[in-house]
Colleague: 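Take a look at the following structure, please.
Here is how names work: the chains are called A, B, and so on, in the same order as the sequence lines, proteins then strands, and each is numbered from 1. All values below were derived from every heavy atom in this structure, side-chain atoms included, with hydrogens, water molecules and symmetry-related copies excluded.
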Protein chains: 2
Amino acid sequence: MDAEFRVGMSVFKRRLAQYVQLESDAWTLFDELERQDNVFRAGEDIIQAGEKANEVFILQSGWAIRYRLLEDGRRQIVNFMLPGDVFDLQALADLQADHSVTAITECHVAIIPSNPFIAMLQGSGRLASAFWWSAVQEESILREQIVRIGRRSARERIGHLLLELHRRYIGATGDEVDRLNMPLTRADIADALGLTPVHVSRTMSAMRRSGLIKEEKGSITLEDRDRLARLSYFDVDYLHLRKLNLLSAEVMPEDSATGELGDS
Amino acid sequence: MDAEFRVGMSVFKRRLAQYVQLESDAWTLFDELERQDNVFRAGEDIIQAGEKANEVFILQSGWAIRYRLLEDGRRQIVNFMLPGDVFDLQALADLQADHSVTAITECHVAIIPSNPFIAMLQGSGRLASAFWWSAVQEESILREQIVRIGRRSARERIGHLLLELHRRYIGATGDEVDRLNMPLTRADIADALGLTPVHVSRTMSAMRRSGLIKEEKGSITLEDRDRLARLSYFDVDYLHLRKLNLLSAEVMPEDSATGELGDS
DNA sequence: CGCCCCGTTGAGGAGAGTCAATGGCTGTGG
DNA sequence: CCACAGCCATTGACTCTCCTCAACGGGGCG
């Protein structure tokens with residue numbers, strides 16, 4: 001985790017580079033951004049609901065969750081943030097956060113004030129595209145989370161979530177293996193999937209017994225990924241992992257400094 | 001419905017004007033947009049999953065749903081589109097649609113090709129802000145849908161959904177009454193909330209009996225909105241209905257044609 | 001050492017699902 | 001103008017997935 005952090009923005013760049021082709025001058029703009037590197041301990045809030053953050057966050061290392069609490073204590077985890085994820089672009093509209101974001105493990109976060117960030121987007125249509133892609137992917141993940149919770153059984157939900165986290169984990173780390181870090185407790189998984197910890201435990205035990213997964217302390221191995229994918233009706237399409245066609249590149253010349261939302 | 005259609009873009013304008021202050025020159029840009037007015041019959045697809053639409057859609061009248069089908073026929077409705085809603089801004093990133101959009105009632109839809117749309121955003125930071133607000137609101141509605149399905153009982157889900165649709169319906173029509181058009185069948189509500197039609201029917205019958213709602217053909221009245229809100233843990237905040245501070249207005253002068261994503 | 005958090009397992013219960021029958025409404029065609 | 005098909009809402013009876021309550025054990029940490 002420390003190692004990941006020391007390389008600076010590279011997690012985000014690695015993630016983006018898989019989908020968007022970016023030249024070094026775009027990256028220069030990005031690298032020169034004014035920013036602050038913050039560390040949050042496990043359990044600490046990164047953003048609190050109701051707070052108005054005028055910053056954009058990029059998660060460098062660690063896992064975080066976005067969640068909402070009901071008045072009677074029920075918690076729903078809306079989504080997970082993995083290294084390389086950008087969040088609260090909605091802060092650019094100067095809106096209050098309607099959900100909290102909390103570190104699940106220790107998190108290293110780059111915090112970028114809105115204004116320089118906006119200026120950067122204005123400076124490069126391709127960077128703007130890249131961030132727009134990231135926002136579109138996040139929204140797509142939200143939609144899939146709705147399908148997962150609304151129309152899948154407990155086993156399907158867990159399998160589907162594990163496969164998503166696995167793909168996203170690979171995107172962040174670059175390691176193409178069937179094993180991933182798993183800092184989530186049964187309660188976290190339950191609150192993400194609309195189940196109870198007890199039932200998650202039972203269901204995952206059954207999955208272990210049938211050779212679908214293997215758990216070690218702090219990590220999980222997808223022992224039979226194909227079978228898992230079949231029985232969870234997992235279809236990666238929603239992650240939008242194909243290379244993007246950058247609209248901007250066609251619509252307007254590179255040297256034009258306008259056209260931000262365009263690509264985005 | 002026909003009356004609504006004849007007034008052109010006004011539904012969208014009315015919705016936006018409640019939250020974003022826009023001068024007439026911005027609207028001029030918007031009004032001059034190249035567009036096509038299409039009519040879709042009930043049940044007809046507006047966007048098909050897998051299709052790459054290079055257009056932005058604005059629903060003028062009628063109701064539509066975004067949904068996804070699992071291989072075995074299960075359907076999950078991801079969200080509802082009401083008059084004034086804009087959809088598939090993600091098409092601007094040249095991505096395939098990962099979900100289908102279908103008309104539930106007859107729908108009048110303005111279809112705007114991406115390029116002129118992008119040009120419009122570039123022409124007015126305030127318009128860009130307005131559309132960004134719309135995208136942020138939509139994402140927030142998705143998150144709330146996750147909480148609704150994941151951590152609420154059947155009665156809470158139905159109550160909460162009705163309250164959301166009611167607020168959004170008011171935003172579109174301007175009528176401040178407790179009654180709204182209800183073209184949804186039990187099956188639609190069930191597929192949106194992760195329930196079965198039978199259970200939705202039972203639960204709504206109970207709600208009728210306890211004086212929470214009243215149903216007539218094609219419409220529903222929220223008889224005791226406060227009680228409904230309390231027992232569904234409904235909190236409007238997530239709809240972001242307050243007036244926006246337009247960042248752009250502060251960050252850059254009105255006459256600058258750059259700064260689109262900035263406000264957005 | 002002892003506390004606390006976490007995962008697991010058991011027993012019993014409840015909310016929601018499944019299957020099936022009925023009746024109303026609408027549209028259509030003979 | 002009526003008969004019939006098709007869709008939709010409702011209700012009953014039964015089932016099952018998932019929840020609740022509870023107890024126990026292991027591991028990390030002060």
Colleague: Report the distance from atom CD1 of B/Ile189 to atom P of D/dA9, rounded to the nearest whole Å.
Modeller: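 Computing the B/Ile189:CD1 to D/dA9:P distance gives 8 Å.
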Colleague: Within 45° of the six-membered ring axis of A/Tyr233 and under 6.0 Å from that ring's centre, is NZ or CZ of A/Arg151 located there?
Modeller: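 Pair A/Arg151/A/Tyr233 does not count as cation-pi.
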Colleague: Under a 4.0 Å threshold between the charged nitrogen and the carboxylate oxygen, would B/Asp188 count as salt-bridged to B/Arg75?
Modeller: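 So B/Arg75 pairs with B/Asp188 through a salt bridge.
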Colleague: Between A/Arg168 and A/Gln137, do the side chains contain a donor N or O and an acceptor N or O under 3.5 Å apart?
Modeller: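 On atom types as modelled, these side chains do not qualify, holding no pair under 3.5 Å.
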Colleague: Just how far, in rounded Å, is P of D/dC18 from CG of A/Leu195?
Modeller: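 Taking CG of A/Leu195 and P of D/dC18, I get 7 Å after rounding.
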Colleague: 5' to 3' on DNA chain C, which nucleotides open and close the contacts with chain A (atom under 4.0 Å from a heavy atom)?
Modeller: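 Taking any atom under 4.0 Å from a heavy atom of chain A, the span is C/dG7 to C/dA11.
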Colleague: Looking only at the side chains, is there a donor atom on one of B/Ser100 and B/Asp45 sitting less than 3.5 Å from an acceptor on the other?
Modeller: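 On atom types as modelled, these side chains do not qualify, holding no pair under 3.5 Å.
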Colleague: Starting from P on D/dT11, measure out to NE2 on B/His199 and report it in whole angstrom.
Modeller: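 Going from NE2 in B/His199 over to P in D/dT11 covers 14 Å.
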Colleague: Does a side-chain N-to-carboxylate-O contact under 4.0 Å join B/Glu156 and A/Arg74?
Modeller: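 Salt bridge flag = yes for A/Arg74 with B/Glu156.
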Colleague: Using atom CG of A/Leu193 as one end and atom P of D/dC19 as the other, report the distance to the nearest whole Å.
Modeller: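 These atoms are roughly 11 Å apart.
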Colleague: Nearest heavy atom decides the nucleotide; on that basis, is A/Arg151 or A/Val198 closer to the 5' end of DNA chain C?
Modeller: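 The residue closer to the strand's 5' end, by nearest nucleotide, is A/Val198.
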Colleague: Have A/Ser140 and B/Asp98 got a donor and an acceptor in their side chains that come within less than 3.5 Å?
Modeller: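 Side-chain D/A pair, A/Ser140 to B/Asp98: present.
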Colleague: Closest nucleotide of DNA chain D for B/Ala187 versus for A/Arg152: which of these residues is on the 5' side?
Modeller: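 Residue closer to the 5' terminus by nearest nucleotide: B/Ala187.
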Colleague: Is there a side-chain contact between B/Leu241 and B/Arg167 (heavy atoms, below 4.5 Å)?
Modeller: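 SC-SC contact between B/Leu241 and B/Arg167 confirmed.
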Colleague: Got a salt bridge between A/Arg179 and A/Glu223, using NZ or NE/NH1/NH2 to carboxylate O under 4.0 Å?
Modeller: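 Salt bridge: no.
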Colleague: Among residues 203-218 of chain B, which ones have heavy-atom contacts with DNA chain D below 4.0 Å?
Modeller: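 Hits under 4.0 Å, by residue number: B/Ser205, B/Arg208.
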Colleague: Between A/Arg202 and B/Arg157, which has a closest nucleotide on DNA chain C that is more 5'?
Modeller: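 Here A/Arg202 is the residue nearer the 5' end.
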